[in-house]
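Worksheet: the structure to be examined is printed underneath.
Counting convention: from 1, in listed order, for ligands and their atoms alike.
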Amino acid sequence: MSRTALRVCPLCEATCGLTLTIDEGGTVTQARGDREDVFSAGFICPKGATFGELDSDPDRLRRPLVRRGGKLVEASWQEAYEAVAAGLGTVIREHGGESVAVYLGNPNVHTVAGGLYPPLIIRALGTRNIYAASTLDQMPKQVACGYLFGHAFAIPVPDLDRTDHLVVIGANPMVSNGSLATAADFPGKLRALRKRGGRLTVIDPKRTRTADLADRHLTPRPGTDAALLLALVQVLFAEDLVDLGGLAEHVTGVDEVRALAADFTPEAVAAHCDVTADEIRALAREIAAAPSAAVYGRIGSTTVEFGTLSSWLIDVINILTGNLDRAGGVMFPLSPTTRAPRPPKPGRGFVTGRWRSRVAGHPETVSELPAAALAEEIDTPGAGRVRALITVAGNPVLSAPDGERLSRALDDDLDFMVSVDPYLNETSRHADVVLPPPPPSQSAHFDFAFTNFSVRDNVRFSPPAVPLADGRPDEAEILARLVMILYGAGPDADPAAVDEQVIAATLAKETADPHSPVAGREVADLTALLTGGTGYERRLDMMLRLGPYGDAFGTDPEGLTLARLREHPHGIDLGALKPRIPEVLRTATGKVELAPGPIVADVPRLRRSLDRSADGFVLIGRRHLRSNNSWMHNVPALTGGTNRCTLQIHPDDAARLGLADSAPARVKGPGGELEVPVEITDSLRPGVVSLPHGWGHDRAGAQLTTASLRPGVNVNQLLDGSLLDPLSGTAVLNGFPVQVTAASRL
Ligand SMILES: Nc1nc2c(c(=O)[nH]1)N[C@H]1C(S)=C(S)[C@@H](COP(=O)(O)OP(=O)(O)OC[C@H]3O[C@@H](n4cnc5c(=O)[nH]c(N)nc54)[C@H](O)[C@@H]3O)O[C@H]1N2
Ligand SMILES: Nc1nc2c(c(=O)[nH]1)N[C@H]1C(S)=C(S)[C@@H](COP(=O)(O)OP(=O)(O)OC[C@H]3O[C@@H](n4cnc5c(=O)[nH]c(N)nc54)[C@H](O)[C@@H]3O)O[C@H]1N2
Ligand code: SF4
Ligand SMILES: [Mo]
């Protein structure tokens with residue numbers, strides 16, 4: 001007899017509720033949208049529908065791998081933990097914990113374990129060698145928000161359900177299903193916006209599926225958005241359209257921004273951006289005139305040369321038009337697992353560069369160093385060199401610039417490497433030990449990350465849908481054991497101690513804080529009230545109870561607890577987004593600081609770029625609905641029969657270069673070259689070519705049977721890791737110069 005179980009989908013940021021059908025053997029045979037889910041109401045995409053195939057992919061590792069005689073072979077969990085303790089122990093004894101680097105990949109934000117344990121691994125090591133997908137992704141937004149609002153995780157999201165005008169810059173939510181704007185059924189929300197008479201503007205050099213729905217589509221030259229946005233700001237000031245409304249008393253720096261924008265007139269940027277001055281003026285007027293508007297930017301606004309400036313300007317426009325923190329504008333979600341709000345108090349303000357990378361001197365941002373610098377930190381000799389690496393849910397050999405160099409560095413220059421990953425892929429094949437977490441059906445789910453970005457506050461918990469197979473540890477246990485090993489407690493220490501320690505420390509702090517909902521209470525009493533059979537469940541219960549909707553450990557019997565959440569398997573809706581200024585602000589002044597020094601200092605670099613000639617091609621990326629970064633090319637149901645790793649090019653450019661459809665092109669970038677078949681399409685503006693990332697599955701030693709049949713090429717091989725947005729250390733993955741020629745063969 002088959003049965004069903006509810007499970008929030010962990011495959012993208014939309015967090016759809018799924019109803020899984022599970023057969024007697026514990027295999028997921030079907031996934032449908034859960035119509036009663038409070039957040040997604042039945043929406044599902046092809047990836048979610050393929051949950052079962054992804055979950056039971058035969059290439060998923062079921063046992064740990066340990067390197068013996070140069071080869072990775074299956075081992076018991078005990079043997080694997082012992083090998084980690086020995087390998088990392090030696091490096092730490094000889095070179096210290098700071099010589100161990102950690103790389104955290106994207107799925108960490110999609111797992112319970114990734115939300116709770118990586119900070120403890122980092123603390124146990126005491127390392128500053130922290131790398132993550134953030135500096136290939138959203139770090140510019142975090143830095144901009146850090147400066148504006150005082151906190152790198154205070155990121156406002158578009159109030160999609162109520163806005164009158166949504167401006168989408170460098171995002172394609174019809175395909176990505178949204179990012180830093182968690183909204184199940186983003187497509188439905190865009191259609192609803194149009195239906196209620198709202199407007200959609202898309203700024204994207206490509207006519208994407210999102211642009212197809214737009215009232216207005218601007219197609220700037222890639223990498224020029226910051227200039228375009230500053231021109232929008234100039235128009236707002238010049239035409240007296242600035243109106244901060246109720247925000248005015250909470251904002252400083254307006255006059256400085258006016259001065260900065262003064263010479264960025266639409267005429268001054270039009271040729272550079274290749275957007276007419278009239279179009280820029282019209283858009284500024286429309287944003288100002290809308291009853292509410294939300295300017296929203298994503299990958300095409302962050303992984304670019306002026307990523308932090310663009311991210312900053314997006315919110316500057318939201319603020320100058322009074323659209324920050326109001327219904328229909330951009331608002332700060334209130335996650336049920338953040339601390340219950342305290343009375344506003346000026347913070348220390350946000351800074352970067354508290355330390356710098358050893359080789360290139362890149363500033364730390366939000367405690368991370370640029371992922372693009374990981375290879376050089378491993379392979380450049382000298383004191384402080386990275387000697388060992390822990391990767392959790394990451395594939396930087398494909399995701400980060402110059403994976404060939406990283407591959408060589410992992411092989412030749414590391415003393416030890418451990419990967420926590422379900423696959424033996426381009427990165428984990430270099431590890432000395434691979435610790436595979438169980439598939440999602442056997443894991444609990446809670447969105448610690450995305451409750452901070454949801455366009456409607458909500459809370460959902462999914463217990464494991466299927467019991468753990470043959471005594472396997474869940475990922476929380478794997479990571480907790482790593483923590484114990486790093487503290488020198490050895491492979492046999494009880495991992496539960498990790499969670500109990502966190503609980504004790506958190507409750508001690510909260511009970512001592514006069515503004516906490518549990519001020520003055522006894523830690524032991526509160527600890528005794530916690531429910532949950534596992535350490536992560538007890539921590540989740542604690543966080544919910546201390547959170548803004550929590551029961552404060554019995555003080556508010558209506559409040560949230562894990563037990564209450566379990567009684568609501570389709571989740572609990574916590575309402576539309578609510579205003580949070582000034583409570584959310586952590587700047588030194590307690591205000592929104594509109595003109596932060598480091599950002600102001602980067603504007604001359606932008607000014608200089610206006611004079612740059614625009615010859616040659618620039619390359620941008622793209623995403624596909626049936627894929628996610630590098631790790632979903634191994635399931636036949638998602639890869640289909642066609643080659644998706646093609647170089648898209650405009651027909652005029654193709655004709656000029658003598659390139660026919662499917663013919664091989666040679667692409668040369670700042671750091672390397674590759675050959676790839678051409679796909680001619682007029683959806684791109686001339687002068688721009690597009691190649692997706694996450695491909696290049698032809699490396700020896702990986703175990704990706706389906707993906708290796710149609711490997712594609714690794715676009716990041718075109719880069720050498722030196723092109724970064726200087727304020728955020730984020731790699732320029734969109735809008736970099738390339739040369740394209742016809743190749744004689746493929
Ligand atoms: N050129 C170019 N490069 C890009 C981008 C781009 O647009 N253009 N996008 C960038 C972006 S936005 C991102 S987020 C990065 C992603 O960069 P990464 O996070 O480094 O790469 P992913 O491909 O997401 O790899 C995810 C890894 O997690 C593993 N995994 C899957 N599920 C689990 C799990 O439950 N637990 C564990 N422990 N592991 C799991 C997978 O097997 C895979 O190895 O790529 C970046 N790279
Ligand atoms: N199906 C699917 N969904 C995904 C993913 C996936 O791989 N596949 N990845 C997930 C991840 S990790 C992330 S971070 C999100 C990303 O979510 P999105 O940012 O919505 O996704 P992208 O498709 O990368 O959209 C970036 C857009 O920016 C445009 N662009 C490129 N350069 C520029 C520029 O200079 N200026 C402007 N204005 N636009 C530019 C591109 O043409 C593209 O349409 O998606 C997530 N969801
Ligand atoms: S949109 Fe994202 S969360 Fe929803 S089913 Fe698809 S992959 Fe899963
Ligand atoms: Mo991402």
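Ligand 2 is approached by Asn106 to a heavy-atom distance shorter than 4.0 Å. Remark: distances from the non-hydrogen atoms of Gly223 to ligand 2 include one below 4.0 Å.
At a heavy-atom cutoff of 4.0 Å, ligand 2 is contacted by the side chain of Thr208 but not by its backbone. For Ile620, every heavy-atom contact with ligand 2 shorter than 4.0 Å involves the side chain, none the backbone. The proximity of Asp225 to ligand 2, defined as any non-hydrogen pair under 4.0 Å, is limited to the side chain. At a 4.0 Å heavy-atom cut-off, ligand 2 touches Asn734 through the side chain alone. Here Lys47 has side-chain heavy atoms under 4.0 Å from ligand 2, and that is the only part of it that gets that close. Only side-chain heavy atoms of Ser179 come within less than 4.0 Å of ligand 2; its backbone N, CA, C and O stay farther off.
Panel note: side chain Asn734, backbone Ile620; no donor-acceptor pair is recorded below 3.5 Å. No donor-acceptor pair under 3.5 Å is formed between the side chain of Thr224 and the backbone N or O of Pro220.
For atom 47 (N) of ligand 2, the nearest non-hydrogen atom of the protein is Ser176 O, 3.0 Å.
In this structure, a donor-acceptor pair under 3.5 Å is absent between the side chains of His217 and Asp204.
Residues Met174 and Leu213 are in side-chain contact: their nearest non-hydrogen atoms beyond the backbone lie under 4.5 Å apart.
By the criterion of a separation under 2.8 Å, the protein N/O/S atoms near atom 2 (Fe) of ligand 3 amount to Cys12 SG.
Residues meeting the side-chain contact (heavy atoms from CB on, under 4.5 Å) test with Leu6, sequence neighbours left out: Thr19, Asp34, Pro569, His570.
Contacts classified as salt bridge (Lys or Arg N to Asp or Glu O under 4.0 Å) and involving residues 293-308 (residues at least two apart or in different chains) are given here: Asp137-Arg298, Glu305-Arg612. Pairs passing the salt bridge (Lys or Arg N to Asp or Glu O under 4.0 Å) check and including a residue from residues 438-452, sequence neighbours excluded, do not occur.
Each of the following atoms of ligand 2 lies closer than 4.0 Å to a heavy atom of His624: 1 (N), 2 (C), 8 (N).
Between Gly300, Ala14, Cys12, it is Gly300 that holds the heavy atom closest to atom 33 (C) of ligand 2.
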